[in-house]
Amino acid sequence: MSRESARLFALLLPAGVFFLAFFLLPLARLFAIGGSGKEGFAAYAAIVSDANYFSSLMSTLALAAMTTITTLVISGISGVFLQRHKFPGNALLVSMLTFPLAFPGVVIGFMVIMLSGRQGLIGDIAMYLTGEKIVFAYSMAGLFMGYVYFSVPRTILTIMAAAEKLDPRIEEAARSLGASTWRVVFDVILPGLKPAFIAAGAICFATAMGAFGTAFTLATRINVLPMVIYTEFTLQANMAMAAALSFVLGAVTWLVLAIARTAAGSTVAAAG
Amino acid sequence: MMTDPVQPLAIALSRCGKTFADGTRALEPLDLEIKAGETVVFLGPSGCGKTTTLRIIAGLEDPDAGGRVLFDGVDVTAQPIEQRNVGMVFQSYALFPNMTVAENIGYGLRVRRAKKPAIAARVDEMLGMMRIEPLADRRIDQLSGGQRQRVALARALAVRPRALLLDEPLTALDAKLRDALRLEIDELLRRLGITAIYVTHDQAEAMALGDRIAVMDHGKMAQIGPPREIYRRPATRFVADFIGTMNRISGVARGGVFVTDAGAVPWLEAPPGTTEALFRPEDVTVVDEGQAHLKGSVVAAFFLGDRTRLFVKVDANKPLVVETDARRDYAHGETVGLRIDPRGLMAL
Ligand SMILES: Nc1ncnc2c1ncn2[C@@H]1O[C@H](COP(=O)(O)OP(=O)(O)OP(=O)(O)O)[C@@H](O)[C@H]1O
Ligand SMILES: [Mg+2]
């Protein structure tokens with residue numbers, strides 16, 4: 001080892017130790033606990049073989065994917081709009097949009113119930129108009145609404161910051177070449193925002209995969225994976241299964257993000 | 001090399017003013033006629049409204065109410081830029097970073113739904129015209145500034161625009177490259193015979209490229225004319241000072257002679273009542289005091305290699321700038337005689 005690389009190694013050592021102690025070791029331990037139950041490491045197969053676990057993984061994935069797509073569409077449109085059009089009250093609106101950032105998932109769940117629960121606003125209005133009560137707080141739709149509400153404030157600022165950096169001259173050049181508004185959106189604005197979409201989308205997806213508070217508050221008919229883990233851990237006292245499911249949740253989330261990043265052909269290091 | 005038969009466009013602005021939303025008056029209502037196939041250069045100090053005028057012509061900016069933009073006599077004021085078919089070249093290149101060089105150049109044709117082989121043929125032709133064939137598959141961030149501007153030109157010209165609008169296309173390049181590309185653009189514009197408007201604040205660029213130069217000042221057209229006329233017969237004090245170096249000396253015109261404190265200069269055509277004579281450095285020669293029109297003392301001398309630039313104080317005004325050959329040294333405070341070529345004298 002040359003002197004230069006020896007010094008480099010010495011400098012990297014603290015980071016390495018930290019990484020080992022607080023990331024690799026707990027992860028390895030979690031993985032080991034996952035295999036410490038009655039069935040041993042076959043517990044990891046249960047996620048696929050057990051219909052309950054599998055359907056819960058699938059609905060969690062679907063929910064997270066839908067939430068991510070919807071959130072990016074909403075944040076993309078409103079983020080670019082709010083960045084481009086300065087009207088009176090613009091700043092107030094932006095700060096209001098980011099207000100729910102501080103809310104924990106439980107509060108979001110509570111708000112979803114107030115909006116679309118049995119005594120909810122939507123139900124009351126529907127009752128008044130049609131004589132029938134609409135209640136969807138305790139279904140996938142309620143959860144989805146809560147997740148989107150939770151995610152939009154977390155993505156919109158990223159999109160707005162990226163929209164601000166877009167060079168308006170490039171859009172003007174496209175228009176001078178005959179591009180319609182839609183072509184400008186698809187050929188210039190969206191590609192320009194791609195890194196921001198990937199970064200924001202990754203955070204949004206990972207958060208939705210692991211979200212617990214909202215599901216916990218609403219939980220009646222929904223079975224998202226974090227809820228299953230919680231149930232295994234506290235009610236069934238099945239530590240091994242809870243650990244195995246946790247590990248799988250982490251691994252699947254990481255895998256999906258890795259695939260999405262590769263597919264987008266981006267070098268952006270998106271936080272998982 | 002292949003060229004296209006273009007039908008050049010005549011452009012006219014009628015009473016086009018521009019007041020921005022924040023109340024900035026960028027442009028006083030102005031009229032401007034640009035003949036088909038002509039290259040007009042907008043020249044002026046920063047903030048005088050060059051870009052704004054160009055953007056009104058392009059359709060990126062609406063003129064204030066009452067202003068009209070005419071293409072070949074047809075009112076296009078209400079037409080958005082995507083329907084005007086004008087090519088634009090920006091100082092910042094504004095290339096599409098998510099596309100290769102070839103995709104950039106072919107973009108306008110793709111938007112027009114041209115057939116693939118037709119696009120490929122035209123892209124090849126443009127790559128050849130700008131001599132950037134080897135760059136076809138490069139990404140934009142792999143190009144130098146000069147290469148980027150060539151791609152931008154190729155992209156703008158690929159769709160056979162009716163006019164080419166260039167906003168300081170060379171300002172971001174270093175001096176040597178600027179000169180080379182300026183020559184190339186000049187040659188290109190002449191060969192294509194396309195109507196072109198070229199914005200710059202570099203006089204040398206304006207002189208070299210423009211069939212006519214439009215000198216702008218504070219949102220107004222100060223003077224429009226061929227480079228020689230702008231240089232030789234500036235219409236206003238602003239133009240006189242902005243273009244090149246101008247000497248001024250005060251005195252009175254009397255019987256074919258302009259009499260100053262520092263001596264008398266023969267000037268037969270002096271307009272009656274003239275109290276100030278203007279002339280360029282190259283119209284002055286340093287002579288023996290016996291033949292001199294004016295006498296003054298040297299306050300500074302700069303050796304420039306091929307010539308020497310002298311600053312000579314003749315009266316209480318700013319010292320005169322004199323260009324002389326570099327054969328001898330001038331000492332500070334030395335008295336020199338100056339002779340002025342009467343053909344170079346101007347009044348305002
Ligand atoms: N979008 C805008 N909103 C408000 N004022 C503007 C806007 N664009 C330009 N201006 C103002 O209009 C005036 C003319 O601007 P313009 O860009 O036409 O100048 P220019 O001659 O191109 O200058 P430069 O050589 O610096 O590019 C300036 O005072 C500028 O500040
Ligand atoms: Mg400008």
Side-chain angles (χ1 to χ4, degrees), chain A residues 72 76 79-91 93 158-159 161-201 260-270, chain B residues 21-22 51 54-55 57-61 79-99 103-114 119 122 139-141 148-149 151-169 172:
Chain A
L72 289 185
V80 173
F81 179 86
L82 287 172
Q83 208 284 311
R84 299 254 163 127
H85 303 267
K86 297 295 177 206
F87 45 86
N90 180 295
L93 189 60
T158 312
I159 307 284
E164 195 180 352
K165 290 218 187 68
L166 292 178
D167 179 2
R169 301 283 167 267
I170 299 185
E171 286 163 51
E172 291 174 358
R175 291 178 62 199
S176 77
L177 293 164
S180 64
T181 309
W182 283 112
R183 288 227 54 153
V184 172
V185 168
F186 284 105
D187 294 339
V188 180
I189 298 181
L190 287 182
L193 292 179
K194 195 169 91 173
F197 275 128
I198 292 172
R261 269 208 307 265
T262 319
S266 167
T267 49
V268 183
Chain B
D22 63 356
T51 298
L54 194 78
R55 290 170 63 84
I57 294 171
L60 287 168
E61 220 66 83
Q79 253 182 29
I81 181 170
E82 50 266 38
Q83 286 163 25
R84 291 196 192 182
N85 195 11
V86 291
M88 292 218 61
V89 177
F90 299 90
Q91 177 180 338
S92 60
Y93 321 119
L95 296 170
F96 307 125
N98 52 318
M99 301 181 198
E103 285 166 350
N104 263 278
I105 298 175
Y107 182 77
L109 297 166
R110 218 158 62 243
V111 166
R112 286 167 172 67
R113 301 189 194 291
I119 297 177
R122 181 67 178 161
R139 282 209 323 273
I140 299 309
D141 57 11
R148 284 178 205 211
Q149 205 49 291
V151 176
L153 274 163
R155 180 181 68 176
L157 291 170
V159 292
R160 299 182 171 87
R162 302 174 73 190
L164 189 62
L165 311 179
L166 309 102
D167 194 352
E168 309 207 20

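First the proteins, then the strands, lettered A, B, ... as listed; each starts at 1.
Atoms CG and CZ, from B:Leu60 and A:Arg169 in turn, are 8.0 Å apart once rounded to the nearest 0.5 Å. For the atom pair CE (B:Met88) and CG (A:Leu177), the distance works out to 10.5 Å, reported to the nearest 0.5 Å. Here CD of A:Glu172 is found 4.0 Å from CZ of B:Arg55. Values are rounded to the nearest 0.5 Å.
For the set B:Gly108, B:Gly59, B:Pro80, the count of heavy-atom pairs under 4.5 angstrom toward chain A peaks at B:Gly108. Chosen from B:Leu165, B:Val89, B:Val159, B:Ile81, the residue pairing most often with chain A at heavy-atom distances under 4.5 Å is B:Ile81.
Within the 4.5 Å cutoff, the side chain of A:Asp167 has no heavy atoms near those of the B:Phe90 side chain.
Contact annotation for B:Val86: only backbone heavy atoms (N, CA, C, O) come within less than 4.5 Å of a heavy atom of chain A. For B:Leu109, no part sits under 4.5 Å from any heavy atom of chain A, backbone or side chain.
Open room surrounds CZ on B:Arg139; 12 or fewer heavy atoms of other groups in view lie less than 6.0 Å from it.
The heavy-atom pair separating A:Gly178 from B:Val111 by the smallest distance is O-CG1, 3.2 Å. Of all heavy-atom pairs spanning A:Ala173 and B:Ala94, the tightest one is CB-O, 3.8 Å.
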> Which is it for B:Tyr107 and A:Asp187 under the side-chain contact (heavy atoms from CB on, under 4.5 Å) test, yes or no, and what are the steps along the way?
Replying inline: CA-CA 10 Å; B:Tyr107 182 77; A:Asp187 294 339; 2.6 Å; yes
